[in-house]
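Structure record follows, encoded as C-alpha cells.
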Amino acid sequence: MSAAGHMRFGAFVAPFHSPKGNPTLQLRRDIELAVHLDELGFDELWYGEHHSGAYETIASPELMIAAAGERTQRIRFGTGVNSVPYHHPYILADRIMQLDHLTRGRVMLGIGPGQLPSDAFMMGIDPRDQRDMMVEAAEVMLPLLRGEAVSRKTSWFTVDNARLQ
C-alpha cells in the first residue's frame, strides 16, 4: 500500500522469448506492453538483463526503459536487475543517471550479481566471485548517484576521484 492508502501495482517483464521467434517483434511487444500497463495505471515495470539463455533476450534493461519511457507518461521503470559484475560501476551509474533524466525521474535501479552462470563464463568471470563483485560495485555506485566523489581500486575496476556529471 502507498502512503495514500491505495494499492500499488507493478509488473516484471521476464525476458522470455522463444528462440524460434522474431526478436524484433518480441522486443516491440515488450514495449507495447509497457504502454498498455501505463494506460491501465500500473505504478512500475521492471526489465531484467541476461545474455546467454537463448530465451532471455533483453541484454540491456536501460535500452528497454529508454524506448518505453518515450512512449509512456507516468509509469516508473526498474532495472530488474542490472547484473553489476558485467559492467564497470562508474559507467553503469552514469547510464542510470542519464536515463533518469531522460525519463523525467521515473527510473529505479535494481542490481544483482547475475543469475546465469553461462553469462559469467562467457565473460571470463568466475560465478563464485559475482556476489563480492556486486557488493564492491554497489559501494561505489551509491555514493556516485548521491553526487559524491569516489576513489576505489579493486581487482576488477578502478575509480579515481570519480564524479557523475
Should [X] and [Y] be regarded as members of a common hydrophobic cluster, given that ILVMFWY residues are connected when their side-chain heavy atoms come within less than 4.5 Å of each other, either directly or indirectly?
{"X": "Met108", "Y": "Leu142", "value": "no"}
{"X": "Leu145", "Y": "Ile65", "value": "yes"}
{"X": "Val35", "Y": "Leu25", "value": "no"}
{"X": "Leu45", "Y": "Met7", "value": "yes"}
{"X": "Ile31", "Y": "Ile75", "value": "yes"}

Heavy-atom side-chain contact between [X] and [Y] under 4.5 Å:
{"X": "Leu27", "Y": "His17", "answer": "yes"}
{"X": "Val150", "Y": "Pro143", "answer": "yes"}
{"X": "Asp43", "Y": "Arg76", "answer": "no"}

Would the distance check show the side chain of [X] and the main-chain N or O of [Y] forming a donor-acceptor pair, the cut-off being under 3.5 Å?
{"X": "Gln73", "Y": "Asp38", "answer": "no"}
{"X": "Asn82", "Y": "Ile111", "answer": "no"}
{"X": "Ser83", "Y": "Tyr86", "answer": "no"}
{"X": "Tyr90", "Y": "Met141", "answer": "no"}
{"X": "Ser151", "Y": "Asn161", "answer": "yes"}

Do you know which two heavy atoms are closest between [X] and [Y], and how far apart they sit?
{"X": "Leu116", "Y": "Ser52", "result": "CD1-OG, 4.2 Å"}
{"X": "Trp156", "Y": "His87", "result": "CZ3-O, 3.3 Å"}
{"X": "Ala149", "Y": "Arg163", "result": "CB-NH2, 3.3 Å"}
{"X": "Ala34", "Y": "Ala68", "result": "CB-CB, 3.7 Å"}
{"X": "Gln130", "Y": "Ala120", "result": "OE1-CB, 3.4 Å"}

Exercise: do Thr72 and Arg106 side chains pair donor with acceptor under 3.5 Å: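 Thr72 vs Arg106: donor-acceptor pair found between side chains.
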With rounding to the nearest 0.5 angstrom, report the [atom1] to [atom2] distance, [X] to [Y].
{"X": "Gln98", "Y": "Glu62", "atom1": "CD", "atom2": "CD", "value": "10.5 Å"}
{"X": "Leu63", "Y": "Ile58", "atom1": "CG", "atom2": "CD1", "value": "10.5 Å"}
{"X": "Met133", "Y": "Glu136", "atom1": "CE", "atom2": "CD", "value": "7.5 Å"}
{"X": "Arg152", "Y": "Glu139", "atom1": "CZ", "atom2": "CD", "value": "4.5 Å"}
{"X": "Leu102", "Y": "Arg95", "atom1": "CG", "atom2": "CZ", "value": "13.0 Å"}

Residues which pass side chain to side chain contact (heavy atoms under 4.5 Å, CB included) with Asp100, listed by chain and number, not counting sequence neighbours: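 Asp100: side chain to side chain contact (heavy atoms under 4.5 Å, CB included) contacts with Thr103, Val107.
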Apply side chain to side chain contact (heavy atoms under 4.5 Å, CB included) to Met64 and Phe77, showing your working. CA-CA 9 Å; Met64 295 299 289; Phe77 295 100; over 6 Å; no
Excluding sequence neighbours, so at least two apart, what forms ring pair (Phe, Tyr, Trp, His ring centres under 6.0 Å) with Phe157?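 Phe157: ring pair (Phe, Tyr, Trp, His ring centres under 6.0 Å) contacts with His88.
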Which residues pass the salt bridge (Lys or Arg N to Asp or Glu O under 4.0 Å) test with Arg128, sequence neighbours left out?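 Residues passing salt bridge (Lys or Arg N to Asp or Glu O under 4.0 Å) with Arg128: Asp126.
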With a sphere of 6.0 Å drawn around CZ of Arg131, does it hold more than 12 non-hydrogen atoms of other residues, nucleotides or ligands?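 Open: at most 12 neighbouring heavy atoms sit under 6.0 Å from CZ of Arg131.
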Kindly indicate, with the supporting measurements, whether the criterion side chain to side chain contact (heavy atoms under 4.5 Å, CB included) is fulfilled by Met97 and Gln165. CA-CA 9 Å; Met97 182 67 75; Gln165 303 183 66; over 6 Å; no
